[in-house]
Trainee: 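I have a structure here, written as structure tokens, and I will follow up with some questions on it.
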Amino acid sequence: MAPFNDITRRRGKMKSDIEIALEAELQPIQEVAKKLDIQEEDLDLYGKYKAKLTDDLWDKIKDRKDGRLILVTAINPTPAGEGKTTTTVGLGQAMDKLGKKAVIALREPSLGPCFGIKGGAAGGGYAQVVPMDELNLHFTGDFHAITSANNLLAAMLDNHIHQGNVLGIDTKQIVWKRCEDMNDRVLRNITVGLGRKVDGVTREDHFIITVASEIMAILCLAENMRDLKERLGRIIVAYNYEGEPVTAKELNAVGAMAALLKEALKPNLIQTLEHTPAIVHGGPFANIAHGCNSMRGTKTALKLADYTITEAGFGADLGAEKFFDIKCRMGGFHPDAVVLVATVRALKYNGGVVKTDLGQENLEALKKGIVNLEKHIENVAKYKVPCVVTLNQFVTDTEAELEYVKKFCEERGCRFALSQVWEKGGEGGIELAKTVVETVETEESHFQCLYDDSLSLREKMEKVAKEIYGAKEVVYDKAVQTQIDRLEALGFGKMPVCMAKNQYSLSDDPTLLGRPRDFSIHIRDVYVSAGAGFVVAITGTVMTMPGLPKVPAAERIDVDEEGKITGLF
């Protein structure tokens with residue numbers, strides 16, 4: 001939830017996000033592209049306000065020097081709201097106002113949160129990417145292409161088994177799951193192949209949400225079509241009776257999957273409310289996947305602008321860690337600075353204040369809850385990247401509270417800036433933008449990953465759990481121990497790890513707020529995403545197929561006879 005919403009809307013002082021977005025005057029996407037010196041011939045148009053960037057564009061710009069890269073991350077999310085995407089968008093708009101050539105690089109929203117509880121992912125208030133309704137619902141069809149490619153592979157796998165199973169696939173060791181981009185808990189565990197003999201082999205199957213699919217990760221990490229096809233071919237769908245992996249390449253599925261993903265591989269270009277260019281592409285969740293926009297989107301942005309402002313999902317313990325240890329490792333680039341987003345309200349929530357009382361000054365709760373921010377500051381420092389802390393300012397924040405957070409950050413070597421981008425757009429982010437520019441111009445990034453490739457999988461998992469989360473130990477289920485040994489024996493031990501953990505706590509228990517200590521991280525499943533190039537560790541009770549809440553957001557969404565969508569936020 002974006003800052004100010006629950007306060008200003010009750011008082012009738014501001015319009016809703018969707019109202020602001022629908023009333024905005026958008027520029028034709030060709031005009032937005034000109035700000036990045038992109039010619040119309042390098043755009044594949046999707047209507048008036050959306051376009052895909054062609055492969056020819058990359059060939060023209062690939063040898064240019066990279067601009068500055070700014071990563072926006074946050075404390076652990078709370079019901080009080082942090083506004084990470086809002087800050088990312090507002091910072092890009094503010095850079096424009098300072099005369100900087102800037103572009104925003106974001107993930108695409110998933111339909112799961114849009115219809116569930118979290119809402120969309122277009123920013124908020126006067127710091128949004130638009131068209132907001134189209135971005136949140138279908139957009140250019142990338143997620144549908146990923147879903148189709150995923151399920152094509154599943155269909156070819158089951159068909160191969162039905163048609164004689166030449167590869168000797170053990171149906172008890174099938175690891176490839178079907179997917180859809182929706183929160184649907186009843187699909188987590190299903191039985192397929194019921195009915196007649198011609199209906200296939202009966203077996204247990206599972207669904208995951210599209211944003212947790214390995215194909216989503218592959219699309220977001222692939223450099224080009226050749227790389228995409230090589231990665232798709234390495235996908236492990238099952239193991240045979242000898243315990244050897246069976247891949248998508250062996251099922252002859254790669255060509256058809258790549259054909260479905262041909263257009264989805266191209267980055268999308270849209271704009272903010274203030275017409276700042278925004279490259280929005282890919283969307284893996286950060287709590288169950290690697291949480292970053294596409295490699296192509298980021299690298300293209302770096303060649304087109306002086307400042308690229310990107311974000312990583314959820315708190316820095318999830319999104320930023322994966323951005324650093326997976327995306328930067330594979331992409332060969334690094335951020336010049338990190339913007340760490342927090343709110344006074346969220347910090348007081350971490351200090352034990354209930355949501356209804358967050359508008360009241362409470363320095364004691366703030367002092368108690370700010371330890372969450374403290375841990376994230378320490379974590380960013382581990383990667384040796386300059387850090388700027390920004391507070392999304394609410395109207396109920398008091399001067400004493402703001403001054404306390406400012407002093408707290410500066411005592412820990414962080415620059416500090418207030419942000420009012422939700423209420424004022426780019427103008428409300430000028431202080432933050434100036435601070436970021438000053439930071440990258442006076443402080444050098446000495447980026448380093450948290451761990452070396454040479455460490456074992458257990459050592460990597462324990463590095464993240466102990467150094468980033470603050471755990472005292474890592475506890476492995478017995479079956480997980482065996483699976484880790486198996487993956488290392490198969491040659492996957494040098495890969496980075498992608499930790500799947502709840503987003504609300506540094507621990508794997510979402511109820512432990514603030515900065516928990518002396519806790520254990522429980523790893524209950526481990527599997528390899530061989531095409532993506534990392535090993536996934538599932539911790540606690542995190543689900544790869546979420547469910548809808550008691551009152552889903554879908555109940556509030558509607559469209560009128562003129563096609564105007566309401567209720568998205």
Side-chain angles (χ1 to χ4, degrees), residues 110-112 115-116 143-219 232-261 284-285 288-289 479-480 483 486 500 524-532 536 538 541-548:
S110 164
L111 292 178
F115 294 133
F143 283 21
H144 298 306
I146 292 166
T147 301
S148 297
N150 183 101
N151 293 341
L152 170 64
L153 180 56
M156 293 181 72
L157 168 63
D158 279 310
N159 183 63
H160 178 90
I161 296 169
H162 174 72
Q163 301 292 355
N165 197 8
V166 173
L167 294 173
I169 293 169
D170 182 355
T171 57
K172 296 292 186 180
Q173 294 192 78
I174 292 175
V175 295
W176 191 249
K177 299 176 176 65
R178 288 168 163 82
C179 76
E180 73 166 355
D181 193 37
M182 200 66 64
N183 294 356
D184 196 349
R185 61 170 54 84
V186 300
L187 294 179
R188 289 172 184 160
N189 305 291
I190 62 173
T191 302
V192 298
L194 295 174
R196 301 168 300 166
K197 184 176 181 179
V198 295
D199 296 323
V201 175
T202 302
R203 67 177 182 87
E204 182 182 359
D205 201 1
H206 312 272
F207 269 78
I208 58 176
I209 193 166
T210 298
V211 286
S213 167
E214 182 178 354
I215 295 182
M216 173 65 81
I218 286 172
L219 184 91
L232 291 174
R234 295 198 295 267
I235 292 173
I236 295 175
V237 297
Y239 294 87
N240 62 23
Y241 289 111
E242 284 71 46
E244 301 165 334
V246 178
T247 66
K249 183 177 182 180
E250 292 176 279
L251 288 173
N252 298 316
V254 173
M257 293 164 67
L260 286 171
L261 297 169
F285 274 1
I288 49 181
V480 169
Q483 182 64 359
R486 183 186 197 185
R524 60 180 177 83
D525 191 18
V526 171
Y527 58 88
V528 64
S529 291
V536 180
I538 306 289
T541 58
V542 68
M543 295 287 185
T544 54
M545 169 55 84
L548 291 172

Trainee: Check side-chain hydrogen bond (donor to acceptor under 3.5 Å, both in side chains) between Q173 and all other residues, then give those that pass, not counting sequence neighbours.
Mentor: D170, R486
Trainee: Could you give the distance from CD1 (I174) to CD1 (I236), rounded to the nearest 0.5 Å?
Mentor: 14.0 Å
Trainee: For the residue pair A248 and V237, what are the closest heavy atoms and their distance?
Mentor: N-CG1, 4.3 Å
Trainee: What's the separation between atom CD1 in I169 and atom OH in Y241, rounded to the nearest 0.5 Å?
Mentor: 9.0 Å
Trainee: How would you list, by chain and number, every residue that makes a side-chain hydrogen bond (donor to acceptor under 3.5 Å, both in side chains) with R524, sequence neighbours excluded?
Mentor: none
Trainee: Going from CG on L219 to CG on L232, what distance comes out if it is rounded to the nearest 0.5 angstrom?
Mentor: 9.0 Å
Trainee: A side-chain contact here means heavy atoms from C-beta on lying under 4.5 Å apart; do I215 and I235 qualify?
Mentor: yes
Trainee: Could you list the residues that satisfy side-chain hydrogen bond (donor to acceptor under 3.5 Å, both in side chains) with N240, not counting sequence neighbours?
Mentor: E244
Trainee: Nearest 0.5 Å please: distance from the CE atom of M257 over to the CD1 atom of I218.
Mentor: 6.5 Å
Trainee: Pairs of donor and acceptor atoms involving the side chains of residues 157-164, under 3.5 Å and at least two apart or interchain, shall be tabulated with distances.
Mentor:
unit_1 : atom_1 : unit_2 : atom_2 : d
D158   : OD1    : R203   : NE     : 2.8
D158   : OD1    : R203   : NH2    : 3.2
D158   : OD2    : R178   : NH1    : 3.0
D158   : OD2    : R178   : NH2    : 2.9
D158   : OD2    : R203   : NH2    : 3.1
N159   : OD1    : Q163   : NE2    : 3.2
H160   : NE2    : V166   : N      : 3.3
H160   : NE2    : L167   : N      : 3.1

Trainee: List the atom pairs, donor and acceptor, that lie under 3.5 Å between side-chain atoms in residues 143-150 and the rest of the protein, sequence neighbours left out.
Mentor:
unit_1 : atom_1 : unit_2 : atom_2 : d
H144   : NE2    : H138   : ND1    : 2.7
T147   : OG1    : F143   : O      : 2.8
T147   : OG1    : T210   : OG1    : 2.8
S148   : OG     : H144   : O      : 2.9
N150   : OD1    : S213   : OG     : 2.9
N150   : ND2    : K177   : O      : 3.0

Trainee: Check whether any side-chain heavy atom of E214 sits under 4.5 Å from a side-chain heavy atom of W176, and report yes or no.
Mentor: yes
Trainee: Which pair of non-hydrogen atoms, one from A212 and one from A289, has the smallest distance, and what is that distance?
Mentor: CA-CB, 4.4 Å
Trainee: Could you pull out all residues at least two apart from N189 that satisfy side-chain hydrogen bond (donor to acceptor under 3.5 Å, both in side chains)?
Mentor: H206
Trainee: In Å, rounded to the nearest 0.5 Å, how long is the span from CD1 of I209 to CG of D181?
Mentor: 5.0 Å
Trainee: Which pair of heavy atoms, one from R234 and one from A530, lies closest together, and at what distance?
Mentor: O-CB, 3.3 Å
Trainee: Nearest heavy-atom pair of T247 and G233: which atoms, and what distance?
Mentor: CB-O, 3.3 Å
Trainee: Checking E180 side chain against F207 main chain: does a donor-acceptor pair fall under 3.5 Å?
Mentor: no
Trainee: Counting distance only, does the side-chain N/O of R185 pair as donor-acceptor with the main-chain N or O of L548 below 3.5 Å?
Mentor: yes
Trainee: What pair of heavy atoms forms the shortest contact from A238 to V175, and how long is it?
Mentor: N-CG2, 3.8 Å
Trainee: Do T202 side-chain atoms and G193 backbone N/O form a donor-acceptor pair below 3.5 Å?
Mentor: yes
Trainee: Quick one: pull up CE in M545 and CG in D184 and give me the separation to the nearest 0.5 Å.
Mentor: 6.0 Å
Trainee: Please test F115 against N183 for side chain to side chain contact (heavy atoms under 4.5 Å, CB included), starting from the C-alpha separation and ending with a verdict.
Mentor: CA-CA 8 Å; F115 294 133; N183 294 356; over 6 Å; no
Trainee: Which atoms form the tightest heavy-atom contact between V536 and I538, and what is the distance?
Mentor: CG1-CD1, 4.0 Å
